[in-house]
2 protein chains.
Amino acid sequence: MDVGAEATRSTVPDLDAATALVQLARLVQCVQARVSDRHGLTPVQGKLLCALAGGPRGMAELARCFGVEKAALTGLVDRAERRGLVQRSAVPGDRRALAATLTVSGREAATAFHADATAALEDLLAPLGADARTNFRRAMTEIIAASETDEC
Amino acid sequence: MDVGAEATRSTVPDLDAATALVQLARLVQCVQARVSDRHGLTPVQGKLLCALAGGPRGMAELARCFGVEKAALTGLVDRAERRGLVQRSAVPGDRRALAATLTVSGREAATAFHADATAALEDLLAPLGADARTNFRRAMTEIIAASETDEC
DNA sequence: TATTGTTATACTCTATAACTATA
DNA sequence: TATAGTTATAGAGTATAACAATA
């Protein structure tokens, strides 16, 4: 029989924290890349579509949100515009500003991509039991909340 | 008093699995970027140094290990070589093959980078209690082990 | 024929610096 | 002066395709 309480535990020792975090992050990126690819998008374009799903956003606002320089946003929106996913629109009340807005096909792509990505990411937690999954979500939430006080 | 068992829980609801995984991965990347930057490296170069810390590796082997095409490795090793971190060396017994090897300064950089990265990543789990940390590591190990049967 | 590695070319993403137009 | 956005330029990382040398 088994020594411990958890019959499904393997005999493999747990990974150290750093290795596990790196590999988990790699796994998440991998899922994002695979789902993006399925939708004919780059991972960054997928992220852009998700950011615009809630409505138009100014270029400077998007740059801050993505943590990149505003010049990088220009290129990013250029490429997304060339693919017919977004449009630049004027912002009433500030003639300097432009907002990135989803086109009709961009909105469709955003909806499909988001649903697909969410499902694929949730699948990653499938190996855990229901309780372990809940605890894992709680732990991730704590780590993320704590990091918001820090840099990054 | 409190309903549940854990008195330290905040009133903020847990994030959904997909959001939490994406943000956690972003956090890990962020740490990797910050540490790499501190050592004058790109994140991919840091990864290369760590991969070579155990000894020379063939180009094809590295490409498989990184999940990229062999042509990408050529450029990656070119840039690392230009910075004096690695060297190409012949492989006895196969005159087609070349191995990437750490230079003396590359080995120093690898050691320092790895120690720094490990510590910074472990710090991410500091907000968790000792038991929660152990459970978290176990859950990550299970997720990673399960994914190795899958694609990616 | 298959494998190892490189070169050539192109694209995405990013940064910095200089610029225009508006606030 | 400060902010919003663009252009120009450069570099990293990646892919594909064509190639050379060796197995």
Side-chain angles (χ1 to χ4, degrees), chain A residues 25-26 29-30 32-34 36-52 56-101 152, chain B residues 26 29-30 32-34 36-37 39-52 56-101 152:
Chain A
R26 179 185 142 282
Q29 283 175 238
C30 212
Q32 291 175 317
R34 186 152 30 89
S36 305
D37 202 62
R38 258 202 305 264
H39 292 263
L41 303 168
T42 66
V44 180
Q45 281 167 351
K47 192 170 69 164
L48 176 62
L49 294 189
C50 289
L52 295 178
R57 306 273 225 113
M59 305 292 280
E61 184 188 359
L62 284 170
R64 279 190 298 271
C65 164
F66 283 21
V68 301
E69 290 300 313
K70 55 189 179 173
L73 251 289
T74 297
L76 189 50
V77 171
D78 280 350
R79 288 184 292 272
E81 200 164 24
R82 239 180 277 139
R83 299 191 187 193
L85 298 168
V86 313
Q87 275 182 328
R88 284 170 167 92
S89 51
V91 173
D94 189 342
R95 287 190 303 176
R96 297 171 304 180
L98 290 176
T101 313
C152 267
Chain B
R26 179 185 142 283
Q29 284 176 235
C30 213
Q32 291 174 317
R34 185 151 33 86
S36 306
D37 203 61
H39 293 262
L41 303 168
T42 66
V44 179
Q45 281 168 352
K47 193 170 68 164
L48 176 62
L49 294 188
C50 289
L52 295 178
R57 306 273 225 112
M59 304 293 279
E61 183 188 359
L62 284 170
R64 278 189 299 270
C65 163
F66 284 20
V68 301
E69 289 300 314
K70 56 189 178 174
L73 250 290
T74 297
L76 187 51
V77 171
D78 280 350
R79 289 185 291 272
E81 201 165 23
R82 239 181 276 140
R83 298 191 189 194
L85 299 168
V86 313
Q87 275 182 328
R88 283 171 167 91
S89 51
V91 173
D94 188 342
R95 288 189 303 177
R96 296 171 304 179
L98 289 175
T101 312
C152 264

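Chain naming here is simple, since letters A, B, ... match the order of the sequence lines and numbering starts at 1 in each. Below, all heavy atoms of this structure are taken into account, side chains as well, without hydrogens, waters or symmetry copies. These figures come from a predicted structure and were not determined experimentally.
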d(CZ, B:F66; P, D:dT14) in whole Å
9 Å
In whole angstroms, the gap separating C1' of C:dC11 from CG of A:L41 amounts to 15 Å
What distance do A:K47 atom NZ and A:Q45 atom CD have between them, rounded to the nearest 0.5 Å?
12.0 Å
Residues in side-chain contact (heavy atoms from CB on, under 4.5 Å) contact with B:E61, at least two apart in sequence or another chain:
B:R57, B:R64
According to salt bridge (Lys or Arg N to Asp or Glu O under 4.0 Å), does anything in residues 82-91 of chain A pair up with another residue at least two apart or in another chain? List the pairs.
A:D78-A:R88, A:E81-A:R88
Got a sec, which residues hit side-chain contact (heavy atoms from CB on, under 4.5 Å) with B:D94, two or more places apart in sequence or on another chain?
B:R96, B:A97
Could you tell me how far apart B:E69 (CD) and C:dC11 (P) are, to the nearest whole angstrom?
18 Å
Interatomic distance, A:R57 CZ vs D:dG5 P [rounded to whole Å]
13 Å
CG (A:L48) and CG (A:L41) are apart, to the nearest 0.5 Å, by 9.5 Å
Please determine if a side-chain N or O atom of A:T42 lies less than 4.0 Å away from the OP1 or OP2 oxygen of C:dC13.
yes
Out of curiosity, B:L98 CG to B:L73 CG, how far, rounded to the nearest 0.5 Å?
11.5 Å
Scan nucleotides 17-23 of chain D nucleotide by nucleotide, 5' to 3', and note B when protein non-hydrogen atoms come under 4.0 Å of the base, S if they reach only the sugar-phosphate, - if neither.
B---BBS
Can you name the side-chain contact (heavy atoms from CB on, under 4.5 Å) partners of A:A71, sequence neighbours left out?
none
In whole Å, I'd like the distance from the CZ atom of A:R64 to the P atom of D:dT3.
10 Å
A:L98 CG to C:dA21 P, in whole Å, measures 14 Å
To the nearest angstrom, how far is B:E61 atom CD from C:dG5 atom C1'?
14 Å
Measure the NZ-CE distance between B:K70 and B:M59 for me, rounded to the nearest 0.5 Å.
11.0 Å
Under a 4.0 Å heavy-atom cutoff, the residues of residues 72-90 of chain B touching DNA chain C are B:T74, B:R88
Using side-chain contact (heavy atoms from CB on, under 4.5 Å) as the criterion, list what pairs up with A:A72, not counting sequence neighbours.
A:V68
d(CG, A:L48; C1', C:dT12) in whole Å:
13 Å
